[in-house]
Amino acid sequence: MIDSGDTAWILVASALVLLMTPGLAFFYGGLVRGKNAAGTVMHSFVIVALVSVVWVLWAYSLAFGPDQGGFIGNLEWFGLRNVGMEAGPYSDTIPHLVYMAFQMMFAIITPALITGAFAERFKFSTFLVFTTLWVTLVYSPVAHWVWGGGWIGTELEALDYAGGTVVHINAGVAALAAAIIIGRRGGIRRETVPHDVPMVVLGAAFLWFGWFGFNAGSALVADGSAANAFVTTNTAAAMGGLAWLALSWLHTGKPSVVGVATGVVAGLVAITPAAGFVGAWPASDGYANAFPALIIGAMASVLGFYAVRLLSRVRQLDDTLDVFAVHGVCGLWGAFATGIFTVAVIGGTDGLIAGEADQLWRQLAAMGATIGWSFVMTAGILLVLKRVMGLRVSEEEELTGLDRTQHGEPAYQYDEPGGHPFYSGGVSTVIEGPAPAVPRPAPEPPATNPPEGA
Amino acid sequence: MIDSGDTAWILVASALVLLMTPGLAFFYGGLVRGKNAAGTVMHSFVIVALVSVVWVLWAYSLAFGPDQGGFIGNLEWFGLRNVGMEAGPYSDTIPHLVYMAFQMMFAIITPALITGAFAERFKFSTFLVFTTLWVTLVYSPVAHWVWGGGWIGTELEALDYAGGTVVHINAGVAALAAAIIIGRRGGIRRETVPHDVPMVVLGAAFLWFGWFGFNAGSALVADGSAANAFVTTNTAAAMGGLAWLALSWLHTGKPSVVGVATGVVAGLVAITPAAGFVGAWPASDGYANAFPALIIGAMASVLGFYAVRLLSRVRQLDDTLDVFAVHGVCGLWGAFATGIFTVAVIGGTDGLIAGEADQLWRQLAAMGATIGWSFVMTAGILLVLKRVMGLRVSEEEELTGLDRTQHGEPAYQYDEPGGHPFYSGGVSTVIEGPAPAVPRPAPEPPATNPPEGA
Amino acid sequence: MIDSGDTAWILVASALVLLMTPGLAFFYGGLVRGKNAAGTVMHSFVIVALVSVVWVLWAYSLAFGPDQGGFIGNLEWFGLRNVGMEAGPYSDTIPHLVYMAFQMMFAIITPALITGAFAERFKFSTFLVFTTLWVTLVYSPVAHWVWGGGWIGTELEALDYAGGTVVHINAGVAALAAAIIIGRRGGIRRETVPHDVPMVVLGAAFLWFGWFGFNAGSALVADGSAANAFVTTNTAAAMGGLAWLALSWLHTGKPSVVGVATGVVAGLVAITPAAGFVGAWPASDGYANAFPALIIGAMASVLGFYAVRLLSRVRQLDDTLDVFAVHGVCGLWGAFATGIFTVAVIGGTDGLIAGEADQLWRQLAAMGATIGWSFVMTAGILLVLKRVMGLRVSEEEELTGLDRTQHGEPAYQYDEPGGHPFYSGGVSTVIEGPAPAVPRPAPEPPATNPPEGA
Amino acid sequence: MKKIEAIIRPERLEQAKSALTQAGFAGLHVANVTGRGAQRGVIHSGRGGESYVIDMLPKVKLTIVVKDADRERIVELIVDAAKTGNIGDGKIFVSPVEEAVRVRTGERGEAVL
Amino acid sequence: MKKIEAIIRPERLEQAKSALTQAGFAGLHVANVTGRGAQRGVIHSGRGGESYVIDMLPKVKLTIVVKDADRERIVELIVDAAKTGNIGDGKIFVSPVEEAVRVRTGERGEAVL
Amino acid sequence: MKKIEAIIRPERLEQAKSALTQAGFAGLHVANVTGRGAQRGVIHSGRGGESYVIDMLPKVKLTIVVKDADRERIVELIVDAAKTGNIGDGKIFVSPVEEAVRVRTGERGEAVL
Ligand SMILES: Nc1ncnc2c1ncn2[C@@H]1O[C@H](COP(=O)(O)OP(=O)(O)O)[C@@H](O)[C@H]1O
Ligand SMILES: Nc1ncnc2c1ncn2[C@@H]1O[C@H](COP(=O)(O)OP(=O)(O)O)[C@@H](O)[C@H]1O
Ligand SMILES: Nc1ncnc2c1ncn2[C@@H]1O[C@H](COP(=O)(O)OP(=O)(O)O)[C@@H](O)[C@H]1O
């Protein structure tokens with residue numbers, strides 16, 4: 001029977017998770033160079049629209065519809081057919097539509113996370129096709145395995161509270177594959193310095209705020225288990241932020257703002273699979289406490305920080321915004337840590353600290369399966385798209401920036417005196433009125449360099 | 001009897017809707033030129049404060065107080081007298097104060113929507129008076145007709161789930177009247193190019209996020225109907241975004257970021273009156289599904305897009321941020337579509353697809369009444385104000401920008417080296433300390449052009 | 001027994017309050033000069049991480065753990081030991097962990113409020129130590145006195161619904177002490193003009209949005225009392241915004257955007273201790289109404305506005321962002337006003353307007369105790385830190401700005417053509433690759449002025 | 001050749017540009033500067049409601065390199081377009097240019113302008 | 001001494017700078033300008049999906065003061081580095097400088113450069 | 001008349017301006033530039049905690065046109081105000097100006113300054 005309190009909580013949680021993706025848009029948008037700011041924000045923002053449609057049409061049915069041999073759901077629920085206002089099948093106290101909506105938000109943010117790996121060079125049209133295929137062929141199956149009645153959740157019984165494998169390892173590994181196949185950004189190699197630090201913090205704030213819905217919402221009820229997930233989530237995020245702060249300070253002599261924001265995300269990523277399972281240590285003394293979350297968060301930043309450092313030294317690899325290091329590495333750590341710290345008194349399952357070492361193996365198996373599937377499938381999709389439509393913008397376009405060349409919209413317009421900061425003196429007058437519409441396929445020259453008269 | 005789950009949901013929904021108006025501040029603020037950014041943000045932001053006060057003092061009583069002949073409420077509830085912590089009269093499960101607060105947020109955002117039509121030229125003092133009168137004389141009656149026990153809701157029985165007529169048609173038509181009467185922006189005609197695209201996306205994100213409270217909150221309970229409204233809302237928003245993306249791509253050869261943001265809003269506007277009524281199609285097969293929402297969202301962007309295009313060609317009309325095209329046109333489409341797609345299995349009423357064509361007539365009548373009242377009254381108010389206090393700032397002030405001339409606060413301050421971007425080299429020293437306070441009426445010269453020594 | 005509706009509401013309320021601190025980061029960040037934008041945003045943002053950890057480790061236990069003579073809690077709950085998923089002791093309907101999390105958000109924002117007083121000059125390392133000590137030695141005891149079973153709440157029975165004394169008076173007075181002891185900003189004296197007005201409004205919007213959780217959440221249940229707190233909060237905020245608008249208009253001849261934002265905060269501060277106690281006036285007629293909130297909000301802005309004005313004339317005092325004037329003065333007014341307007345029909349206690357003058361004395365005593373403790377302890381902590389590690393950055397660093405000198409991260413990066421606005425033409429090439437890491441203690445030269453070759 | 005640098009009010013740039021266009025002078029570039037002189041500006045402090053008189057105000061600097069012959073003509077065009085008669089209208093400075101090169105072609109001399 | 005002012009495409013600044021570095025010319029400064037000439041740009045209006053042809057486009061102005069002897073060399077270096085062959089490549093202007101002073105030391109003359 | 005262009009540290013602009021004011025020189029304008037020379041800067045990458053040495057650093061370019069007679073005086077004023085003794089203090093360049101016009105009045109010559 002539907003419970004209004006649980007329903008209220010999951011409705012809100014769904015809205016909170018939805019906000020995370022625009023949050024990611026700003027987190028990523030602030031980190032790139034200004035000439036790519038609008039294009040990078042666009043990646044995450046358009047994904048909210050695109051994946052929402054893909055999800056209600058077929059992806060939800062594939063991921064959560066009637067199980068086919070533990071591997072995938074069928075298309076019975078195509079277009080949400082039969083997904084209604086009554087409770088069940090995944091919860092007895094909230095409407096099926098709410099569960100679907102909540103899950104949709106996870107399907108939205110996962111491909112958005114990947115965009116950080118190919119920022120500043122990916123071709124927009126290819127990006128849309130890639131995202132559609134990725135959600136269908138990579139996300140949906142993995143979600144089914146873990147949460148949709150598939151083999152990882154039902155046979156293997158590996159734990160993933162809110163998406164350590166489905167969301168973060170999956171996105172992180174896909175990001176690695178994408179960075180390798182798409183290749184490095186052109187032009188003279190240069191460290192990308194965030195063009196707008198407050199924008200990065202804004203994004204991190206949205207992510208932190210929304211993550212409460214992400215993790216505590218995964219309880220699907222408003223009770224003590226949601227409370228535990230809420231607290232472990234915040235604790236790991238906080239500890240992650242402090243740890244990264246310390247490391248950046250140690251290595252540069254200065255405490256980094258972007259570092260704290262990144263560390264917070266690292267902590268959130270790592271606690272995601274564990275949020276509702278950990279919270280008491282040692283298990284013997286059956287008391288709730290904060291230590292497991294503190295350890296998970298701190299370790300996440302240590303691993304994430306050095307992963308970023310090492311990978312940034314690999315010349316061939318240009319994972320623009322360190323998606324693999326932050327989501328892949330910390331996601332793996334979180335999935336593993338879940339096997340270590342889970343205790344029955346909190347989430348019903350005992351792990352290493354409670355003497356149940358096997359859980360670690362279950363976790364490792366789930367991690368392995370996700371890594372393999374995500375890497376192979378992502379690489380496959382991209383290699384096909386490379387032949388079919390091409391993956392990158394031209395060198396010249398990359399140099400000019402994606403905002404102008406891909407979208408015809410500089411993020412900041414220098415149109416007016418007293419106008420925006422970027423304005424450097426010129427009042428652009430519209431001198432010819434509407435320009436002849438350009439048919440979509442036509443290769444248009446970058447705004448700053450059109451042919452004669454244009 | 002008060003239900004804690006329903007109350008929790010509507011409390012949150014109210015907060016979500018409140019956030020929409022600052023969201024609008026950024027959506028509009030990013031679209032204007034930088035010299036008017038602060039002033040445009042101010043419009044929406046100050047409305048939150050102004051209308052909150054007007055609402056608790058008299059507007060709520062006029063709109064929802066004891067009915068006077070189906071046309072308006074009386075002033076028995078002036079100053080919230082007797083609007084208390086108990087449930088009813090509009091809901092049995094949430095406190096009256098919560099219902100009042102939730103409705104307040106709608107009264108706040110509606111006039112804020114209009115501000116997009118007269119951005120970059122309206123006189124601030126007149127704007128405050130206009131808003132107060134508009135909420136009292138235009139919004140309150142229409143809200144009463146539809147939701148407050150008035151004739152549209154009770155006799156005509158037209159459907160408006162969350163404000164297609166009351167909010168969007170009402171604001172859209174008022175915007176049209178305002179644009180006509182206030183007249184075009186001065187200076188050399190020029191297409192306004194958004195000065196800050198990420199700011200536009202930030203605003204759109206707030207709107208999308210808050211709209212869940214707007215539509216799903218209108219269920220006034222946390223159950224399956226709220227769930228249905230939540231999902232139809234997200235689906236239409238997403239489809240609207242994709243449709244507008246496609247159209248901008250088709251016409252310019254480039255996929256527009258601002259286009260997606262605008263399309264999302266168009267979809268949200270259109271689904272508003274329908275959110276809790278649609279969600280199954282064909283009706284015969286009594287199954288929930290996503291198609292009605294997808295169609296409503298897609299059509300909204302098609303209509304909205306071409307409306308913007310056509311209206312932008314009407315030289316005399318300068319609806320700065322296309323409020324009529326987006327809220328008026330899409331609002332009308334939504335109200336009409338509600339008559340088409342409403343089905344009893346979802347919201348209790350059958351429409352065209354369920355063989356009840358009459359509902360279309362009811363919808364048309366409600367649309368007509370709202371259009372007429374809104375246009376005539378808005379025009380009337382503005383014509384009076386034009387004689388009494390004037391509608392526009394001076395040409396010179398318009399050229400310099402509203403931020404400096406109306407508020408004395410450039411949105412971005414070039415005060416310091418290493419200061420804000422806009423800073424172009426000068427360190428302004430305070431050379432005379434506080435300037436003599438200027439009595440309010442006194443016509444102060446624009447900061448960039450004061451008389452001798454000033 | 002745990003109620004899912006109440007739990008849902010407080011989970012959400014906690015998330016809302018968490019968002020307030022990043023909100024403060026933008027409110028303060030927009031008000032300072034651009035060269036200190038990242039550093040100012042950092043202050044509030046890192047506090048979320050730092051205090052979250054301090055709170056779960058020991059501060060929660062000190063503030064709310066088993067009472068020691070009415071003065072402080074003991075350390076039994078160190079590391080959240082025994083703080084679990086069951087209800088109680090502070091509420092019967094929500095899990096203990098949720099109460100802990102909700103209280104944590106208050107402990108986070110309070111020290112963040114103080115940062116406005118020493119913005120643009122405080123040494124970052126000292127700031128972290130100061131915050132840790134302040135939460136432990138100042139915040140925790142006062143929170144215990146008022147809400148944790150301490151003497152103010154239990155013996156004195158002074159009223160503080162959501163933190164007038166604990167949060168605002170406490171932070172405001174600490175800000176005053178800090179401003180005095182840390183001293184004025186260096187360089188030629190100059191009025192600080194906000195570098196980004198939309199950013200200020202963004203912060204104010206987050207604060208307003210989050211404050212619903214702050215005040216209405218303090219009911220700890222989702223019922224009529226939460227509803228009353230929600231409405232009084234919004235009403236006072238709105239009235240505060242309008243009052244400040246009017247005053248700025250009166251004194252400069254122009255309505256200030258930043259003024260409205262500041263007035264909204266002033267109104268919110270003042271209503272905080274009163275939110276759940278007021279809402280009917282005169283008491284005789286037992287009817288709910290909006291007048292007490294309107295009066296409290298309006299007076300808050302009048303007092304706050306003139307406090308800012310007067311204090312800005314005190315040359316020795318440089319409370320950068322007027323924390324004492326806005327939070328101290330308005331907080332004091334709110335605590336006092338609670339004694340005036342509280343009525344039994346709303347919150348169970350009668351005050352002056354209901355003929356119970358004594359309540360005023362109780363309020364005054366609580367105010368006095370908070371002022372005394374906060375001022376003396378804050379001053380003490382800072383004087384010690386001054387000797388131990390120093391309070392300020394060097395004059396030269398202050399001149400160059402904290403972003404570059406403290407964090408090595410300019411808020412806005414001029415790295416690229418077509419890059420961020422601030423970019424003024426130079427493409428910085430990385431010419432030496434990673435610079436030798438600087439050991440933390442080492443005094444690094446400001447980026448704009450390194451020694452030979454460096 | 002001469003370089004003409006005009007520091008004018010931002011709100012007058014549009015007029016100046018059109019005037020030049022009509023007279024057939026396309027080429028020019030513009031930069032954002034702040035300047036001081038006799039003119040004073042006012043800024044507000046929204047919080048305490050105080051206004052302060054400041055010295056530096058936003059101007060735009062319009063630079064155009066022209067043939068010696070066109071010099072007078074252009075100065076007059078700009079003066080007419082940018083003048084408001086109020087303090088702060090700005091200044092025009094004329095200085096010598098020895099050589100001009102078109103990057104695209106490498107051509108030199110007045111032909112380039 | 002000569003002052004060489006090159007108005008070039010932002011995306012070519014990097015090449016120009018490296019070319020100068022290789023040739024041993026370190027000192028220079030750069031400003032952001034917008035300019036017009038024969039070149040036209042296009043901007044979009046995402047809402048109505050219309051695109052407009054505009055006149056002003058972003059350029060960077062690279063200024064370098066050099067010994068008379070180096071003048072030709074530098075002009076060529078910049079032309080080679082900044083040329084794309086398309087309209088909008090920009091212009092280089094050379095004008096006389098009478099004196100140069102190093103603030104740090106007060107030294108004067110060509111030694112300063 | 002002479003044009004004096006001083007590229008100095010942003011944090012020294014304030015001193016330079018006051019020095020000029022005291023000496024009675026009001027008129028000037030300022031632009032934001034970035035420059036390179038012997039000086040090097042450091043930026044951080046908050047993520048991997050690495051710091052990079054970069055070449056371009058923010059400077060301000062102060063331009064003031066003066067009577068030939070005042071030239072030396074002003075150069076000294078600026079040098080004194082802007083000097084820190086560290087690399088990166090900047091340079092001052094002096095070049096000839098043939099004509100100055102006050103837009104507001106159309107007046108010409110040294111009177112305008
Ligand atoms: N000697 C100068 N050198 C360089 N720029 C100057 C000089 N004098 C004035 N300017 C510029 O001209 C602008 C207008 O000058 P001002 O004296 O304020 O008004 P007016 O030109 O009408 O007398 C100033 O803001 C400044 O940018
Ligand atoms: N007469 C001029 N004075 C100053 N700047 C000029 C002049 N002519 C052109 N420019 C600058 O050179 C840039 C390129 O010139 P343009 O005519 O568009 O292309 P091209 O130089 O290839 O013919 C312009 O954007 C403008 O900034
Ligand atoms: N030849 C030059 N032409 C133009 N600007 C220069 C030149 N040399 C130096 N500059 C400017 O002067 C600034 C300081 O020069 P730099 O060599 O770094 O220090 P210093 O002047 O103390 O030796 C540079 O950042 C640059 O902006």
Side-chain angles (χ1 to χ4, degrees), chain E residues 1-8 10 12-35 58-68 70-71 74 77-78 93-113, chain F residues 1-13 15-16 19 29-40 54-63 65-66 68 70-98:
Chain E
M1 289 163 285
K2 301 294 174 205
K3 184 205 289 178
I4 297 175
E5 293 178 294
I7 294 97
I8 61 175
R12 286 311 176 112
L13 177 56
E14 189 57 42
Q15 285 91 312
K17 271 176 53 204
S18 355
L20 289 166
T21 317
Q22 267 129 48
F25 299 102
L28 56 81
H29 63 267
V30 184
N32 211 13
V33 303
T34 55
K59 302 284 171 188
V60 294
K61 179 181 204 161
L62 186 158
T63 306
I64 166 164
V65 176
V66 296
K67 306 197 186 62
D68 298 357
D70 298 325
R71 165 190 163 155
I74 293 202
L77 280 170
I78 297 176
F93 303 116
V94 182
S95 50
V97 168
E98 296 175 354
E99 180 66 286
V101 184
R102 167 174 277 122
V103 173
R104 173 163 47 100
T105 56
E107 292 164 75
R108 304 194 168 206
E110 300 206 330
V112 163
L113 306 176
Chain F
M1 290 164 285
K2 301 294 175 209
K3 184 206 287 180
I4 297 175
E5 293 178 295
I7 292 97
I8 61 175
R9 296 181 188 279
E11 57 266 44
R12 285 312 177 107
L13 177 57
Q15 284 91 314
H29 62 267
V30 186
N32 211 14
V33 302
T34 55
R36 74 175 195 187
Q39 186 192 21
R40 296 280 176 258
I54 55 164
D55 57 347
M56 304 294 287
L57 291 163
K59 303 283 171 188
V60 296
K61 179 180 201 163
L62 187 158
T63 306
V65 176
V66 296
D68 298 359
D70 298 325
R71 165 191 162 154
E72 279 315 305
R73 182 101 177 292
I74 294 202
V75 168
E76 275 148 30
L77 280 169
I78 297 175
V79 168
D80 296 347
K83 172 188 282 168
T84 70
N86 294 311
I87 281 236
D89 279 354
K91 310 262 195 280
I92 300 174
F93 302 116
V94 182
S95 50
V97 168
E98 296 174 353

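Note on naming: letters A, B, ... go to the chains in the order of the sequence lines (proteins, then strands), and numbering restarts at 1 for each one.
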Applying salt bridge (Lys or Arg N to Asp or Glu O under 4.0 Å) to F:E5 and F:K59, what does each step give before you reach the verdict? CA-CA 12 Å; F:E5 293 178 295; F:K59 303 283 171 188; over 6 Å; no
Carefully, step by step, assess E:H29 and F:K91 under the rule side-chain contact (heavy atoms from CB on, under 4.5 Å). CA-CA 10 Å; E:H29 63 267; F:K91 310 262 195 280; over 6 Å; no
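With respect to chain E, the highest number of heavy-atom pairs below 4.5 Å among F:I8, F:I4, F:I7 belongs to F:I7.
Using a 4.5 Å cut-off between heavy atoms, E:I64 makes no contact with chain F at all. Looking at E:V65, only its side chain comes within 4.5 Å of chain F, counting heavy atoms on both sides. Heavy-atom distances place no part of E:S95 under 4.5 Å from chain F, backbone and side chain included. Contact annotation for F:V75: only side-chain heavy atoms (C-beta onward) come within less than 4.5 Å of a heavy atom of chain E. Using a 4.5 Å cut-off between heavy atoms, E:K3 touches chain F through its side chain atoms alone.
Contact annotation: the side chain of F:K2 never approaches that of E:E99 to less than 4.5 Å [non-hydrogen atoms, C-beta and beyond].
When each of F:R9, F:Q39, F:K83, F:R12 is checked for a side chain to side chain donor-acceptor pair (under 3.5 Å) with F:D89, only F:R9 meets the rule.
Using a 4.0 Å cut-off between charged side-chain N and carboxylate O, E:E110 and E:K67 make no salt bridge.
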